[in-house]
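Each remark here refers to the structure printed beneath this line.
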Amino acid sequence: MSRVLAALRAACWVAVLCVFAQSVSAQSWNDDRARELVERATTRRAQQLADTALRDYHATAHGYLTFLAQVGENFPDPPKVVRSDELALEVYWRAPNLSKQRIVGRRDTLALPTNIAYHQDHLGIVQNNFPNIIRIGEGDEVRDVPHPLSEAGIGDYDFAINDSLSIRLPGRTVLVYELRVRPKDPSQPRLVGALYIDRSTADVVRMAFTFTRPAYLDKELEDISIVLENALVQGRFWLPLHQEVEIRRTGRWLDFPARGIIRGRWEISDYEINQGLPLATFSGGPEIVSAPARELAQHAWHGRILDSLPSDVRAASDEDVRKVQEEARALVQQQALARAEGASLSARKVSDFVRVNRVEGLAFGAGASYRAGAGIVPSVRARYGLSDHVLKGRLGVALRRGDGTGIELFGAREYRDVGDVAERSTAINTFAAQEFGSDATDPYEVRSAGVAAELGEHGGLRWRVEGTWERQDSLRVHASPAWGRYEPTIPAQPLHEERFALAFTRAAPVLLGGFETHFAGQLRGGATQPLGDDTNGDGSFARAMLSAHGERAVGDGRLVLEGTLAALTAPPSAPPQEMVYLGGPVSGPGYAYHQFAGRVGASARAEWRTSVPFFGLSLGPYGRAPARATLAPFATVIYSGNEASFAPDRTGWYPALGVGALLFFDMLRVDVARGLRHGRWTFSLDVARDLWPIL
């Protein structure tokens with residue numbers, strides 16, 4: 001036990017001390033090789049627009065324009081699709097620089113209410129690797145950024161040859177240089193990224209870049225990342241093949257981060273070269289136009305949009321786009337990409353302002369934070385219960401980077417819940433606790449001081465480490481509900497604790513057995529010293545927890561599997577607040593809240609989700625709830641072992657069966673379940689779990 005605890009403690013502190021120890025390899029900027037390549041590429045790009053060999057072309061493009069949403073500090077969960085549009089285009093180009101794109105097919109699906117409207121240039125592809133002056137969002141998002149391979153812009157950037165690559169094509173191999181690009185003056189609107197240049201012809205093969213902060217006209221824009229890939233058509237012309245655009249907006253409502261993401265994915269094919277396109281094709285109106293509604297409706301589609309949507313669209317970020325963002329941070333100072341923010345009202349969720357539970361009764365809270373620049377963020381939160389008459393709060397100061405890594409020093413007095421699995425949203429729990437005496441929390445008091453570090457993403461996992469010195473104590477019921485009565489709180493042991501925790505989450509899904517799987521885990525340990533005259537003596541513990549959620553389409557439905565496993569190793573006098581608690585609407589439907597407590601516990605659920613007819617509902621400008629609902633029969637099982645001394649003797653396996661219904665964009669869920677071993681009928685009504693972090 002002591003060796004495990006010592007190893008965990010050492011790993012935590014090493015991670016905290018090394019969170020900012022990152023080195024960036026040196027670049028040979030603006031050397032003769034780089035300048036010669038840039039000058040050739042700039043000249044070649046100008047020649048391409050006047051190349052008499054390429055007079056015109058016609059192509060087709062197929063793509064998806066998807067709007068996604070993400071919430072929570074550091075956005076621990078993958079983004080959720082809100083709306084997705086599938087588009088089919090006819091693309092026309094004629095020398096010297098005439099372009100026309102016609103939308104001939106368009107369909108959309110609404111997964112959550114939204115009134116989003118896209119800029120017109122998001123509905124088409126990028127021609128000619130952008131003009132000499134780059135604009136995004138019709139000039140509302142990015143405006144007047146000079147192209148690094150233009151006569152006007154070449155002097156605004158530094159260049160460095162980073163690597164040499166080879167591309168194998170039928171009958172030939174193309175050698176390509178990766179050319180890094182950064183602005184000479186990061187305080188100006190410029191791009192940051194990499195250009196991939198054909199070594200022999202100096203043609204642009206690929207572009208991958210983002211922009212400096214001054215380039216963004218919308219203050220809520222977090223970043224825009226663009227990847228343009230070209231293909232060698234007829235063995236001579238590098239023309240658009242694949243394009244990706246990701247636009248991320250991040251706002252803070254009451255200091256709670258919410259991110260909206262627009263992702264465009266395009267595939268361009270079926271080129272017809274030099275067919276003699278008439279000038280009339282390009283006359284009048286904007287570059288991107290739409291066919292009449294009747295023609296759009298006649299376009300032939302295959303399957304449903306969400307079924308054919310590329311899997312990377314649902315991920316936290318596409319791999320190519322993530323590489324653009326990481327390389328941009330390495331090429332310029334963080335401040336050139338980060339937004340400046342000031343003071344704001346702070347809350348982790350709506351219920352931080354008002355909530356009800358059996359310990360505090362009706363409790364009011366608020367908080368504030370100040371983004372002082374250079375990544376320094378002091379913050380304070382407080383809450384006061386009208387029944388326990390105790391002021392709780394947290395005071396911290398953090399140093400945060402643009403890539404999500406950071407370190408924070410903090411002190412707090414708070415009520416911590418023992419559960420590994422949240423069984424109910426805080427908003428619904430407030431109503432249930434106040435009206436019916438049903439409180440799905442098991443808190444104990446913690447007074448702490450410590451340091452926490454967000455380590456960023458490594459190996460596909462986002463890591464967090466925390467070390468604290470704590471004083472813990474039990475709590476008692478102070479409030480009374482309108483009807484019924486509250487259950488007693490857990491008999492938490494009063495103690496001092498030196499605590500270390502290492503947690504990880506997997507935001508981007510990993511494919512396991514055909515299931516798109518997300519998982520999270522935590523390893524923590526502590527050295528404890530009981531308070532007062534307690535005769536249990538000193539002790540230490542180590543505890544591990546792993547949870548996973550996987551989904552896969554099967555026929556017309558989806559199979560959902562999820563589970564949680566936790567275990568504690570400790571002396572016989574282990575504190576009750578470190579036990580494994582299970583039971584409730586999520587971990588154990590059909591059984592009472594935290595009916596099971598022990599040193600080992602596991603919960604598993606298998607659920608089948610299928611669409612059934614239901615009545616629709618108009619939401620005005622936010623769309624219409626579909627006339628469908630999701631029926632979700634499920635089976636669960638709980639295992640509890642090495643029961644706690646204060647809990648009833650309930651070891652072994654406890655199965656249950658139930659059925660759920662997800663209504664109105666799957667935002668509302670109703671469950672009925674029956675525990676099959678010493679269980680009962682249970683009923684639960686709650687909002688979708690995706691909304692719990694903000695409610």
Exercise. Is K80 paired with D666 through a side-chain N to carboxylate O contact shorter than 4.0 Å?
Worked result: no
- Is a donor on one side and an acceptor on the other found under 3.5 Å between the side chain of D417 and the backbone of D442? yes
inquiry  = Regarding S587 and E423, do their side chains bring together a donor and an acceptor under 3.5 Å, going by distance alone?
reply    = yes
Contacts satisfying salt bridge (charged side-chain N to carboxylate O under 4.0 Å, His left out) that involve residues 670-681 (not counting sequence neighbours) are R669-D671
Do H496 and Q529 have a side chain donor and acceptor closer than 3.5 Å? no
Just so I know, are the side chains of F431 and S425 near enough to count as touching, which here means a heavy-atom distance under 4.5 Å? no
Going by the angle between their ring planes, with limits at 30° and 60°, are F614 and F664 parallel, tilted or perpendicular? perpendicular
So salt bridge (charged side-chain N to carboxylate O under 4.0 Å, His left out) across residues 571-593, not counting sequence neighbours, yields R499-E578, R524-E578
Given the options R400, R464, R462, E454 meets salt bridge (Lys or Arg N to Asp or Glu O under 4.0 Å) only with R464
Separation between CZ (R689) and NE2 (H549), nearest 0.5 Å, reads 7.5 Å
CG (L512) and OG1 (T517) are apart, to the nearest 0.5 Å, by 4.0 Å
In short, S438 meets N429 closest at the heavy-atom pair O-OD1, 3.8 Å
Heavy atoms of Y486 and A479 approach each other most closely as CD1-O, 3.4 Å
Q. Cut-off 3.5 Å, side chains only: do R355 and T426 have a donor facing an acceptor?
A. no
What one should report as the nearest heavy-atom pair of I428 and L685 is CG2-O, 3.5 Å
Residue set satisfying ring pair (Phe, Tyr, Trp, His ring centres under 6.0 Å) with Y415, at least two apart, ordered chain then number -> none
Check: Q493 side chain, Q577 main-chain N or O, donor-acceptor pair, under 3.5 Å:
no
The reported gap from CG in L68 to CZ in R259 (rounded to nearest 0.5 angstrom) is 11.0 Å
For A570 and F541 the tightest heavy-atom approach is CB-CB, 3.7 Å
How are the rings of W653 and Y639 set to each other: parallel, tilted or perpendicular (split at 30° and 60°)?
tilted
